[in-house]
Asks: 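The structure's right below; bear with me while I get my questions together.
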Number of protein chains: 2
Amino acid sequence: MNSLIEENYLKALFNMANEAGEVNVTELSRRLEIKMPTVTSMMKKLSDKKLVLYESYKPLRLSEKGKKEAGLIIRKHRLTEMFLVEKMHLGWEDVHDIAEQIEHIQSPVFFEKMDELLGYPKVDPHGSPIPDKSGKIVWKEYNKLSDCREGETAKLAAVINTSSDFLKFLNGREMRLGVKIKIRSIEPFDKSMVVSYGKRQAEVLSNVVCERILVEKEG
Amino acid sequence: MNSLIEENYLKALFNMANEAGEVNVTELSRRLEIKMPTVTSMMKKLSDKKLVLYESYKPLRLSEKGKKEAGLIIRKHRLTEMFLVEKMHLGWEDVHDIAEQIEHIQSPVFFEKMDELLGYPKVDPHGSPIPDKSGKIVWKEYNKLSDCREGETAKLAAVINTSSDFLKFLNGREMRLGVKIKIRSIEPFDKSMVVSYGKRQAEVLSNVVCERILVEKEG
DNA sequence: TAATTTTGTTAGATTAATCTAACTTATTAT
DNA sequence: ATAATAAGTTAGATTAATCTAACAAAATTA
Ligand SMILES: [Mn+2]
Ligand SMILES: [Mn+2]
Ligand SMILES: [Mn+2]
Ligand SMILES: [Mn+2]
């Protein structure tokens with residue numbers, strides 16, 4: 001069994017590889033807020049456990065075993081978030097910190113039950129894919145809202161930034177997964193958009209916001 | 001904040017005090033399966049934190065602060081067990097090990113929500129009282145089934161032993177909280193009882209079993 | 001009361017995870 | 001190509017939680 005701490009290293013490696021490709025000691029150290037020598041020694045430990053392929057001065061890589069274990073932790077995290085939103089009626093801005101803890105619970109039956117009660121969901125409340133039981137993730141191809149053009153209509157599929165502040169910002173304008181957004185106009189100067197969706201006829205969204213919203217184009 | 005390990009010491013102290021009155025180092029050591037010198041040093045640490053009133057060679061006692069913290073952990077444990085049974089449809093024999101982990105989750109809103117969804121339950125799936133938000137327990141006066149007399153009728157209110165084996169034994173004869181048990185006869189030799197309840201007309205229960213069942217006598 | 005047994009403490013070692021300081025390797029800039 | 005900077009490693013210390021071995025106190029038995 002891996003410790004909670006080892007699990008957090010695996011998860012960070014997995015997520016960072018998906019975000020940025022190559023992961024190095026400096027970045028992992030920054031992400032986990034743990035000093036570099038500590039990270040180095042943990043990499044050696046995880047390498048001994050065949051979870052990480054470690055070579056001095058080389059980029060950090062998870063082994064296949066490491067990817068699987070990481071994927072399964074992320075599966076537990078995202079199933080938990082979905083459960084908290086769907087079955088316990090918490091807001092999507094409130095669930096991450098709880099899932100961060102529950103992801104380390106050791107109990108196959110507990111997470112099986114969650115999955116079953118939720119009807120085997122494929123994505124979490126933020127639109128992120130839930131890894132399958134073998135830890136594999138199927139990535140859907142989404143577009144950034146900021147890459148869409150005037151006149152296009154697109155469905156809000158996921159959010160990139162899942163900070164509580166950003167999610168509350170979206171709450172404040174009734175923006176949730178699934179809303180169909182029509183792009184009325186784009187301001188050339190700052191790339192802000194005027195969009196309509198639901199009952200909102202003309203919401204202005206800055207580029208900073210549009211960069212963090214992923215959509216599925218209609219048609 | 002207390003560590004998970006400190007929390008487990010507090011909880012053990014609290015539960016043992018309720019079961020046996022005085023708690024000593026030897027017993028706590030046995031319960032936690034941790035060697036005595038380790039227990040001694042943890043008692044000193046918890047004493048520094050004002051959670052335990054520790055004097056060498058004296059019985060171990062929780063401070064008021066320690067009792068409250070322990071009560072609140074047990075509250076989380078029992079709310080979780082109730083949630084797992086009522087909302088996630090797990091068996092009463094399966095929930096303890098999961099609750100043992102979830103009781104350490106730090107998130108007031110998570111447990112508030114559980115409480116609310118359950119309708120503010122007063123007891124857990126095994127009939128044990130759920131401490132209130134200040135960590136206090138209200139004990140109901142129950143009788144052991146083994147102390148009842150021929151002809152009496154009593155409602156199954158709680159189980160003393162919550163081992164999976166015992167609970168499965170009860171499952172096997174459709175014995176659950178709330179069933180009304182009538183004592184048909186008592187065998188003087190081994191104190192085994194013949195009882196009827198629900199659709200069962202003549203179940204034989206050994207004294208070992210009857211000692212572990214708490215009932216509320218019908219007035 | 002004295003001897004024996006049980007209970008509890010002290011001392012010192014160990015392990016996991018962390019840190020700082022010093023050093024080395026790799027990359028970037030001049 | 002050399003110097004300067006950034007990235008990564010090694011060495012050694014620290015903290016929490018554990019252990020074993022040795023010792024001390026308390027309780028029990030003779
Ligand atoms: Mn999350
Ligand atoms: Mn985590
Ligand atoms: Mn329990
Ligand atoms: Mn516990």
Side-chain angles (χ1 to χ4, degrees), chain A residues 1-14 16-17 19-63 66 69-70 73 100-101 103-104 106, chain B residues 1-14 16-17 19-63 66 69-70 73 100-101 103-104 106:
Chain A
M1 252 323 83
N2 306 312
S3 71
L4 179 149
I5 284 165
E6 290 168 335
E7 289 193 345
N8 283 340
Y9 277 91
L10 293 175
K11 194 162 67 106
L13 283 167
F14 189 101
M16 291 171 74
E19 288 160 18
E22 295 219 320
V23 182
N24 58 34
V25 175
T26 308
E27 286 160 45
L28 183 53
S29 163
R30 248 202 298 275
R31 167 81 73 115
L32 294 174
E33 296 181 277
I34 284 170
K35 296 287 179 290
M36 286 184 17
T38 309
V39 170
T40 298
S41 73
M42 182 57 86
M43 289 308 102
K44 289 178 178 166
K45 188 179 176 196
L46 293 176
S47 171
D48 291 345
K49 295 179 81 169
K50 311 290 183 207
L51 293 163
V52 163
L53 305 166
Y54 175 74
E55 294 171 274
S56 309
Y57 301 105
K58 296 271 164 65
L60 304 171
R61 288 162 51 220
L62 285 172
S63 69
E69 309 240 325
I73 300 160
E100 201 61 46
Q101 300 177 66
E103 70 191 4
H104 303 291
Q106 302 294 334
Chain B
M1 250 325 82
N2 306 312
S3 70
L4 179 148
I5 285 165
E6 290 168 336
E7 289 193 345
N8 283 339
Y9 278 91
L10 293 176
K11 195 163 67 105
L13 282 167
F14 189 100
M16 290 171 76
E19 289 160 17
E22 297 218 320
V23 181
N24 58 34
V25 174
T26 307
E27 286 161 43
L28 183 53
S29 164
R30 248 201 298 272
R31 166 82 71 117
L32 294 173
E33 295 181 277
I34 286 169
K35 295 288 180 289
M36 287 184 17
T38 309
V39 170
T40 298
S41 74
M42 181 57 85
M43 289 306 103
K44 288 177 177 168
K45 187 181 176 196
L46 293 177
S47 171
D48 291 346
K49 296 179 81 171
K50 310 291 181 204
L51 293 164
V52 162
L53 306 166
Y54 175 76
E55 294 171 274
S56 309
Y57 301 104
K58 295 272 163 67
L60 303 171
R61 286 163 52 221
L62 286 170
S63 68
E69 309 240 326
I73 300 160
E100 200 62 44
Q101 301 177 65
E103 69 189 6
H104 304 291
Q106 302 294 335

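Everything quoted here is computed from the prediction, not taken from an experiment. So that the names make sense, note that chain A is the first sequence line, chain B the second, and so on, each numbered from 1.
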Asks: To the nearest Å, how far apart are K35(A) NZ and dA21(C) C1'?
Replies: 13 Å
Asks: Would you mind telling me which residue lines up with the more 5' stretch of DNA chain C, T38(A) or Y54(B), judged by nearest nucleotide?
Replies: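 Whichever sits nearer the 5' end wins; that is Y54(B).
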Asks: Atom CE of M42(B) to atom C1' of dC19(D): distance rounded to whole Å?
Replies: 14 Å
Asks: Heavy atoms only: give me the nearest A70(A)-L10(A) pair and the separation to one decimal.
Replies: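 Taking every non-hydrogen atom into account, CB-O, 3.6 Å.
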Asks: Rounding to a whole Å, what distance do you find between I34(A):CD1 and dT20(C):P?
Replies: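 Nearest whole value for this atom pair: 12 Å.
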Asks: Is the phosphate of dT18(D) approached by Y9(B) (side-chain N or O, under 4.0 Å from OP1 or OP2)?
Replies: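 Yes, Y9(B) has a side-chain N/O under 4.0 Å of OP1/OP2 on dT18(D).
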Asks: Rounded to the nearest Å, what distance is computed from the CG atom of residue N2(A) to the P atom of nucleotide dA16(C)?
Replies: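 So the two atoms are 13 Å apart, to the nearest Å.
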Asks: Work out which heavy atom in E22(B) is nearest to a heavy atom in P59(B); give both atom names and the distance.
Replies: OE1-CG, 3.3 Å
Asks: CD of E27(B) versus P of dT7(C): gap in Å, rounded?
Replies: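 That distance rounds to 9 Å.
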Asks: Taking N or O atoms only and anything under 3.5 Å, show me the protein contacts with nucleotides 12-14 of chain C, one pair per line.
Replies:
none

Asks: Would you kindly give the CD-to-P distance between E55(B) and dT9(C), to the nearest whole Å?
Replies: 11 Å
Asks: With N2(A) as reference, evaluate E7(A), H104(A), K49(A) under the side-chain hydrogen bond (donor to acceptor under 3.5 Å, both in side chains) test and give the passing residue.
Replies: K49(A)
Asks: Starting from the C-alpha separation in whole Å, work towards a yes-or-no answer on side-chain contact (heavy atoms from CB on, under 4.5 Å) for E27(A) and E19(A).
Replies: CA-CA 12 Å; E27(A) 286 160 45; E19(A) 288 160 18; over 6 Å; no
Asks: Once each nucleotide of nucleotides 22-28 of chain D is scored for protein heavy atoms under 4.0 Å, what B/S/- sequence comes out, 5' to 3'?
Replies: ---S---
Asks: Using whole Å, report how far NZ of K58(A) lies from C1' of dT9(D).
Replies: 15 Å
Asks: Could you say whether R30(A) or M36(B) is positioned toward the 5' end of DNA chain D, judged by the nucleotide with the nearest heavy atom to each?
Replies: R30(A)
Asks: Side chain of T40(A): nearest nucleotide among dG8(D), dT10(C), dT9(D)?
Replies: dT9(D)
Asks: What distance separates E69(B) CD from S63(B) OG, expressed to the nearest 0.5 Å?
Replies: 8.0 Å
Asks: Regarding S41(A), tell me which of base, sugar-phosphate or nothing describes its non-hydrogen contacts under 4.0 Å with the strands shown.
Replies: base
Asks: Over all heavy atoms of both residues, which pair between L53(B) and L62(B) is shortest? Give the atoms and the distance, please.
Replies: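 Looking at all heavy atoms of both residues, the shortest contact is CD1-O, 4.0 Å.
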Asks: Please tell me which of the listed nucleotides, dT10(C), dC19(C), dG8(D), lies nearest to the side chain of K44(B)?
Replies: dT10(C)
Asks: How close or far is atom P of dA16(D) from atom CD1 of I5(A), stated in whole angstroms?
Replies: 14 Å
Asks: Please find the pair of heavy atoms, one from M36(A) and one from T26(A), that lie closest to each other, and give the distance.
Replies: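 Smallest heavy-atom distance, with atoms named: SD-OG1, 3.7 Å.
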Asks: Show the nearest heavy-atom pair for residues V52(A) and M43(A), with the distance to one decimal.
Replies: CG1-SD, 4.2 Å
Asks: Once rounded to the nearest 0.5 Å, what's the spacing between atom CG of L51(A) and atom OH of Y9(A)?
Replies: 14.0 Å
